[in-house]
Structures are given as C-alpha cells and as structure tokens.
Protein chains: 4
Amino acid sequence: MWLQVDARSSVPMYQQLVEGVRLAVARGDLRAGDRLPSVRELASAMVINHNTIARAYQELEREGLIEVLRGRGTFISQTPAVARPEERREEMRESLRKLVLDAYHLRMSQEELESMLRSQWKQFDGRRG
Amino acid sequence: MWLQVDARSSVPMYQQLVEGVRLAVARGDLRAGDRLPSVRELASAMVINHNTIARAYQELEREGLIEVLRGRGTFISQTPAVARPEERREEMRESLRKLVLDAYHLRMSQEELESMLRSQWKQFDGRRG
Amino acid sequence: MWLQVDARSSVPMYQQLVEGVRLAVARGDLRAGDRLPSVRELASAMVINHNTIARAYQELEREGLIEVLRGRGTFISQTPAVARPEERREEMRESLRKLVLDAYHLRMSQEELESMLRSQWKQFDGRRG
Amino acid sequence: MWLQVDARSSVPMYQQLVEGVRLAVARGDLRAGDRLPSVRELASAMVINHNTIARAYQELEREGLIEVLRGRGTFISQTPAVARPEERREEMRESLRKLVLDAYHLRMSQEELESMLRSQWKQFDGRRG
DNA sequence: GTGGTCTAGACCACT
DNA sequence: GTGGTCTAGACCACA
C-alpha cells in the first residue's frame with residue numbers, strides 16, 4: 001500500500017492521509033484521472049474507520065487535488081489548481097523562519113541548512129524521477 | 001513586551017511562548033544570566049493562565065535553555081547546551097521534507113526555495129545583528 | 001448537443017438535465033410538440049446511466065413540461081401548465097431570502113444586487129430573443 | 001433559541017447551523033467578540049449530536065466568521081473578512097441565472113421578480129434594523 | 001456500488 | 001471546562 005498512517009502520531013490520521021495523497025501525486029504515483037480507492041475499500045484495507053478516510057478525501061477535494069464523480073468514485077483532478085498560492089507561500093515563509101531559528105539553536109551554519117535542503121530536494125526528486 | 005502570543009493560532013500558546021523565548025535568546029534580547037519574569041508576573045502581564053506559562057517554562061528547562069533556581073527565579077542558562085541534538089536534526093529533516101513537498105505543489109523550483117531560505121536567514125541575521 | 005451535465009458538480013446530474021431542458025424550452029430551442037431523444041438514445045449519447053435520464057424525464061413530466069406518449073416517445077407539452085405555482089413561488093422567495101443574506105455578507109448594496117439581477121435578465125432575454 | 005434546524009430537511013443539519021449563524025451575524029443578533037455556546041452546550045440544548053455542531057463551527061471557522069480561542073471557546077471574529085469574494089459573487093450570478101429561468105417558467109415579469117427581491121431585502125433589513 | 005450525513009460514545013490536548 | 005479526533009454502526013441520495 002502506497003499509503004500509511006501512524007495512529008500514535010500527534011498529527012491526526014486524516015491529515016496524514018491528506019499528506020500521503022499529496023505526496024503520491026507529487027511523486028507521480030498518482031496521476032490526473034487516476035481513481036482513488038473507495039472510502040470503504042481504503043478504510044477496510046487500512047483498518048481505519050471510513051469516516052476518517054472520508055474526511056481526508058473531503059479535505060483534498062476542497063483543495064482541488066481530487067474530484068468526486070457522484071456515485072462513481074473519487075479521482076485525481078485533471079486540473080490540480082493551486083488554491084490560494086499567496087497564502088501558502090506566506091505559510092512557507094513562516095515555516096522557513098522557524099527553521100532558521102531552530103538551525104541557530106542547533107549551531108548550524110547557513111551552508112549546513114542549505115545542504116540539508118538540497119539533500120531533501122534530491123531525495124524527493126529521485127523518488128519522483 | 002518582547003513576548004506575544006495569539007490565542008487564535010492553531011499552535012498552542014505554550015508552544016508560542018517557547019518559541020518566543022528561543023527567538024529572544026537567538027536575537028540577543030535575552031542573554032545568559034538574564035532573569036525571566038516569574039510565572040505569575042508573566043501570566044498577569046500577558047493575561048494568560050499561569051499553567052500555560054508554567055508549561056512553557058518547563059519545556060524550556062527540559063531543553064536546557066533556561067534554569068530554575070528555586071526561590072530565586074528563572075534565568076537564561078549560562079551554558080545553553082543543545083539537548084538531544086540528533087533528535088532535533090531529524091525533526092528539521094522532517095520539516096524540510098514537508099517543505100519540499102509543499103514547494104512542489106506550489107510549482108516552485110529548487111532555486112526559488114533556496115532563495116526564500118537565504119532571504120529568511122538574512123532577515124534573521126539582520127535582526128540579530 | 002444542447003444539453004450538457006457536469007458529473008463533478010455538487011448538483012445531481014438528473015437535476016442538471018431537468019434544468020437543461022427547462023432552459024432549452026425557455027430559450028425556444030425546444031418548442032411545444034418537439035420530440036425529445038429517447039431515454040436510451042440520450043443515455044448513450046451523453047454517456048450517462050439511463051436511470052439518470054429516466055429520473056430527469058419523470059421530474060419534467062411531473063412538472064408538466066413534457067408528456068410521455070407511450071410507444072411514441074417523449075414530447076414537449078402543448079400546454080406547459082405551471083404545476084403547483086404557489087409552491088414554486090415560495091421556493092423562489094426562499095432562494096431570494098438566501099441571496100439577500102449572501103449579498104449582505106459580500107457587503108453588496110440593494111442597488112448592486114438589483115443591477116446584477118437586471119443584467120442576468122437581460123442576458124437571458126437576449127439569448128431567448 | 002435563535003438557532004433552529006429541521007432534521008427532516010434535505011439540507012444537512014450542519015449546513016443549516018452554518019446559515020443560521022451567518023444570519024444571526026447579518027441581523028446583528030451576534031456581534032464581533034460575542035461568544036457562541038460551546039459545542040456540547042449547544043448540542044444538548046438543540047438535542048443534536050455534538051459532532052454535528054462541531055462540524056458547523058469548523059465550517060464557519062474556515063470561512064473566517066468565527067474564531068476558536070483554544071480552551072476558552074468560540075467567538076464571532078473581529079474581522080469577518082469575506083473569503084474569496086469573487087468566487088462567491090460568481091455563485092450569486094449563477095443563482096440569479098437560475099432564478100430568472102424559474103421566473104420565466106412561472107410567467108413572472110422582470111418587475112414582479114424585482115419587487116419580490118425588494119420585499120425580501122426590506123424584511124431582512126427590517127429584522128436587522 | 002459510490003460518497004454524505006448523523007448518532008453514540010470514547011479519548012486526547014489545551015487553558 | 002474547551003474544541004479536536006476517532007470508532008462503530010446506521011441511513012440516505014445518487015448513478
């Protein structure tokens with residue numbers, strides 16, 4: 001299964017599911033038009049309550065990443081438009097700000113942090129390849 | 001007040017307090033040996049429940065950034081040793097991983113992301129002077 | 001095809017079909033006595049389940065806009081009597097109530113809303129011409 | 001109770017709650033800073049499951065109409081910013097389009113429809129006074 | 001079959 | 001006390 005969640009994590013399972021699908025799309029494991037497992041299929045496969053799956057799917061639909069075709073199932077959108085890009089860029093800036101602060105307390109240099117970033121980018125790109 | 005929290009934020013108030021102190025130390029607004037306000041002082045000044053302040057102080061103490069001298073008060077540590085550095089580095093890697101994923105969905109290039117990081121570093125360094 | 005539906009929409013496909021026919025009649029694209037495609041014809045042409053088409057036709061028949069002549073086909077009524085006009089007027093009032101509320105939240109004035117209404121009326125009248 | 005829902009309606013109860021709060025704010029029954037009943041209070045008062053209330057509150061929070069102060073409760077926002085005004089204006093145009101079509105089938109004139117609109121506006125404004 | 005909604009009851013984090 | 005999450009099981013509308 002290309003999706004997995006950790007029930008003990010402090011981040012909610014439905015959020016983990018959302019991020020899992022986002023990742024799968026980013027990596028190309030899921031492409032536009034691909035059908036997602038039905039709510040109940042996935043629920044039974046992952047031994048998770050179906051409401052939890054449904055909530056994740058709804059979140060993804062609001063984001064525009066997936067589309068629900070009534071009675072037929074759930075699919076990756078043809079047009080994965082980025083919702084509120086400026087807001088999300090600002091969130092990224094905020095995350096980076098916090099990251100820089102943490103790096104300072106870990107006595108990391110700018111170079112170290114950047115190389116860490118490059119390494120993550122490479123891994124992601126590699127897996128996407 | 002060099003410290004401020006937003007009760008509306010989704011990040012817990014005690015966490016915001018922790019980060020606020022970390023930032024103040026990083027910027028040099030607080031230096032080794034400086035005395036922090038007492039839990040009750042700060043609680044009344046910020047109109048926040050004192051349990052929330054206490055929890056933040058506990059967190060900071062566990063992290064080694066502050067020291068509680070019983071009966072005398074709370075102070076910025078002389079030796080702000082980095083507690084569990086490997087754990088925290090791993091957390092940073094995790095944050096970067098998520099950041100890279102988000103950058104992808106925002107259709108950002110590696111260059112853009114890095115330049116955003118450098119910009120944050122610069123701002124932080126500037127304010128630290 | 002003068003009829004089209006969006007499976008992604010939150011409004012049920014059979015509803016979209018009903019409204020599509022209503023619009024076609026209002027615009028004069030369909031006139032009294034005109035024959036509608038058979039359920040199966042339309043279903044195959046639009047790649048939609050025939051139950052969905054059937055349900056739309058039932059709705060339109062109940063409403064008096066079309067007539068089913070058994071064995072001969074489905075036709076636009078000669079006498080498109082308005083079924084349950086008071087009920088439908090009440091529904092319109094309800095819609096307008098909701099519209100006014102939304103307009104308020106969008107900080108629109110009564111004039112703006114009315115001008116928007118007039119503009120829609122004009123467009124409709126124009127297409128009907 | 002200024003809020004009421006119809007369990008038999010086809011529109012979901014959580015949606016009715018959302019609209020009820022929107023209405024109360026528009027009418028001035030709820031003002032910026034006012035505290036909403038807690039999820040469980042309201043749930044027991046309305047004999048509705050608390051999850052249903054929670055869902056409505058979450059929807060309203062996403063809209064920006066209300067704010068959750070962690071551990072303290074839920075309040076009407078000071079800054080009820082209009083989220084995605086252009087999208088919502090387009091939705092209004094769409095509603096008006098459908099309204100005009102219905103008016104045609106009810107043999108209503110433009111004047112009748114406009115007077116119906118003015119009457120709704122007046123009632124709303126009156127109750128808001 | 002699909003997703004959407006609701007209830008009942010539980011546990012958790014935060015203030 | 002507050003809201004947030006999750007499970008279990010039910011019913012409904014739609015295709």
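Throughout, a chain's letter reflects where its sequence line sits, starting with A, and its residues are numbered from 1.
- Distance CZ (A:Arg40) to P (F:dG9): 13 Å, rounded to an integer number of Å.
- Taking side-chain N and O atoms only, A:Ser38 has no distance below 4.0 Å to OP1 or OP2 of E:dG1.
- Contact check, D:Gln58 against F:dG3: no side-chain N or O comes under 4.0 Å of OP1 or OP2.
- Nucleotide F:dG3 holds its P atom 14 Å from the CD atom of D:Glu67, rounded to whole Å.
- Taking 4.5 Å as the limit, every side-chain heavy atom of C:Leu36 sits out of range of all side-chain heavy atoms of C:Phe75.
- Counting only heavy atoms from C-beta outward, the side chains of D:Arg55 and D:Val18 never approach each other to under 4.5 Å.
- Partner of C:Asp34 under the side-chain contact (heavy atoms from CB on, under 4.5 Å) criterion, chosen from C:Thr74, C:Ile76, C:Ile66: C:Ile76.
- You'll find the side chain of A:Pro85 reaches within 4.5 Å of the side chain of B:Leu106, heavy atoms only.
- Salt bridge status for D:Arg88 with D:Glu91: absent, with no side-chain N to carboxylate O gap under 4.0 Å.
- Using a 4.5 Å heavy-atom cutoff, the side chains of A:Leu17 and A:Met46 are in contact.
- Residues of residues 5-24 of chain D having a heavy atom closer than 4.0 Å to DNA chain E, listed by number: D:Pro12, D:Met13, D:Tyr14.
- Residue A:Glu41 is the one, among D:Arg72 and A:Glu41, whose nearest nucleotide of DNA chain E lies closer to the 5' end (criterion: closest heavy atom).
- The backbone N or O of B:Val11 lies less than 3.5 Å from a partner atom in the side chain of B:Gln16, making a donor-acceptor pair.
- Summarising the geometry, the separation between CZ on A:Arg35 and C1' on E:dT2 is reported as 8 Å, rounded to the nearest angstrom.
- Remark: side-chain polar atoms of B:Glu41 are paired, donor with acceptor, to backbone N or O of B:Ser38 under 3.5 angstrom.
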**OP:** Dot-bracket for DNA chain F, please, read 5' to 3', with Watson-Crick or G-U wobble pairs under 3.5 Å on both distances, ( ) within the strand, [ ] crossing, | other strand, . unpaired.
**Re:** ||||||||||||||.
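- Contacts between residues 48-56 of chain D and DNA chain F, defined by a heavy-atom separation below 4.0 Å, involve D:His50, D:Asn51, listed by number.
- Between A:Arg70 atom CZ and F:dC12 atom C1' the separation is 12 Å, expressed in whole Å.
- The closest side-chain heavy-atom distance from C:Val5 to C:Tyr14 is not below 4.5 Å.
- A donor-acceptor distance shorter than 3.5 angstrom exists from the side chain of D:Arg70 to the backbone of B:Ser10, with no hydrogens or angles considered.
- When all heavy atoms of D:Leu99 and C:Leu96 are compared, the pair lying nearest together is CD2-CD2, 3.4 Å.
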